[in-house]
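Values below: every heavy atom of this structure, side chains too, minus hydrogens, waters and symmetry copies. Each chain gets a letter, A, B and so on, in the order the sequences are listed, and its residues count up from 1.
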Amino acid sequence: MQTSSSPRPSDLLHRKDVTERYAKFARDASGLGSVFGGVLLIVTWAVGALASLDGVVRVFFALPPIAYVIVNQSFKSKYYQRFGRVTASLSTSQRYWHFSYVAFMAIVGIVVGAAIVTQPIAGASPSELMQRGAYAAFVLAHPIVVARYLWTAEEKVVGTALFCEAAVTLGGQHYGVDIMALVFVGFGGAAILKGLAQHRDFRKLRAQLEALQEAI
Amino acid sequence: MSDDRGGMRGVLDIDRLVHEPARLLILSVLAGAEDVEFKFVETATGLTKGNLSSHATKLEEAGYLKVTKKFRDRTPVTSFRITAAGRAAFEAYCAQLSSALAAVKRARK
């Protein structure tokens with residue numbers, strides 16, 4: 001197309017605003033990924049707390065955190081960035097908050113991992129050693145996954161809870177119907193609500209982008 | 001009155017490179033983010049691929065944007081990034097235009 005007249009200042013600011021809001025979906029908003037994570041959080045807690053878990057079933061608890069990261073990233077790159085990838089720079093506070101959280105989780109991971117590794121091996125059954133190994137693997141992998149993929153507050157909460165659930169269940173325990181129920185259901189519900197609100201915002205944004213294309 | 005003259009005089013100082021409508025649209029989109037793919041700029045501005053390429057080249061030559069070309073899944077992807085000079089030029093243009101429009105409105109009263 002060939003533009004013939006100068007755009008008005010309000011048109012320019014509108015395009016800038018649309019780009020800023022769209023860029024958030026590359027990293028700072030998860031939309032349906034958050035909804036998926038919230039549902040996963042509630043379901044894994046319910047299965048862990050209410051069902052009887054034998055050895056084989058416990059192995060399946062390794063899947064939710066992996067599935068969450070993959071599905072969340074897929075929504076971001078394939079659905080919410082469907083008009084082309086747009087990224088915004090990280091603010092100083094975002095950088096500080098993300099680094100602090102990763103550092104804290106890394107310290108926790110190292111302390112817990114060291115406690116498991118230094119436990120005596122003699123007398124432990126092979127299945128017990130496998131449980132310890134699986135627990136340590138999830139605890140140590142968690143900060144790496146957070147650093148790379150979990151940027152928003154809801155991603156950090158949902159991702160961390162799913163990693164904890166996986167580590168604890170693979171380690172032979174499970175969260176019960178106690179304060180953890182409030183944590184999992186509360187955070188899961190909040191992630192679902194926030195994700196739905198973000199998805200609604202994206203649908204409005206998509207309509208505005210399509211209108212921009214047609215307007216010219 | 002002297003304010004109005006100042007506002008109108010600002011029009012003469014407007015950056016002609018930025019003033020071109022297509023380039024103005026490109027800069028307005030790039031000003032909203034750090035790194036923007038070609039496909040998004042095409043969507044948000046409504047420019048054709050050829051038009052967008054030629055205007056982006058002019059802005060790149062002026063030092064207002066940086067072009068990055070890379071491959072993703074064996075597909076070439078072009079991205080734009082507004083430079084500090086480009087952002088300053090865009091913001092100065094918006095300020096000049098707003099003050100000129102305000103001067104016109106005052107003159108009409």
Answer yes or no: does atom [atom1] of [X] have more than 12 heavy-atom neighbours from other residues, nucleotides or ligands under 6.0 Å?
X	atom1	value
Arg206(A)	CZ	yes
Met180(A)	CE	yes
Lys156(A)	NZ	yes
Tyr101(A)	OH	yes
Tyr79(A)	OH	yes
Lys24(A)	NZ	no

Counting only non-hydrogen atoms closer than 4.5 Å, does [X] touch chain A with its backbone (N, CA, C, O), its side chain (CB onward), both, or neither?
X	value
Leu97(B)	side chain
Phe90(B)	side chain
Arg81(B)	neither
Phe38(B)	neither

If one checks every heavy atom of Arg21(A) against chain B at 4.5 Å, the contacting part turns out to be neither
Highest number of heavy-atom pairs under 4.5 Å with chain A: which of Glu42(B), His19(B), Arg72(B)?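 That would be Arg72(B).
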From the list Leu24(B), Thr43(B), Val36(B), Leu52(B), the residue making the most non-hydrogen contacts under 4.5 Å with chain A is Thr43(B)
Of Ala88(A), Ala26(A), Ala23(A), the largest count of non-hydrogen pairs under 4.5 angstrom with chain B goes to Ala88(A)
So which of Leu12(A), Val18(A), Leu209(A) has the largest heavy-atom pair count under 4.5 angstrom toward chain B?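 So the answer, after comparing Leu12(A), Val18(A), Leu209(A), is Leu12(A).
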What one should report as the nearest heavy-atom pair of Ala33(B) and Thr87(A) is CB-O, 3.4 Å
I'd like to know if the side chain of Glu37(B) reaches the main chain of Arg85(A), judged simply by a donor and an acceptor atom lying under 3.5 Å from each other, with no hydrogens or angles considered.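 At least one qualifying donor-acceptor pair exists.
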Practice prompt. Check for a donor-acceptor pair, side chain of Arg15(A) on one end and backbone N or O of Leu25(B) on the other, with a separation under 3.5 Å.
Written response: no
Query raised in the report: Going from CG on Leu13(A) to SG on Cys94(B), what distance comes out if it is rounded to the nearest 0.5 angstrom?
Result: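 If I round to the nearest 0.5 Å, the distance is 6.0 Å.
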Separation between OG1 (Thr45(B)) and CG (Leu212(A)), nearest 0.5 Å, reads 9.0 Å
Practice task
Evaluate the side-chain contact (heavy atoms from CB on, under 4.5 Å) criterion for residues Lys16(A) and Val29(B): first the C-alpha distance (whole Å), next the side-chain angles of each, then the deciding distance (0.1 Å), finally the verdict.
Solution key: CA-CA 5 Å; Lys16(A) 188 177 173 219; Val29(B) 171; over 6 Å; no
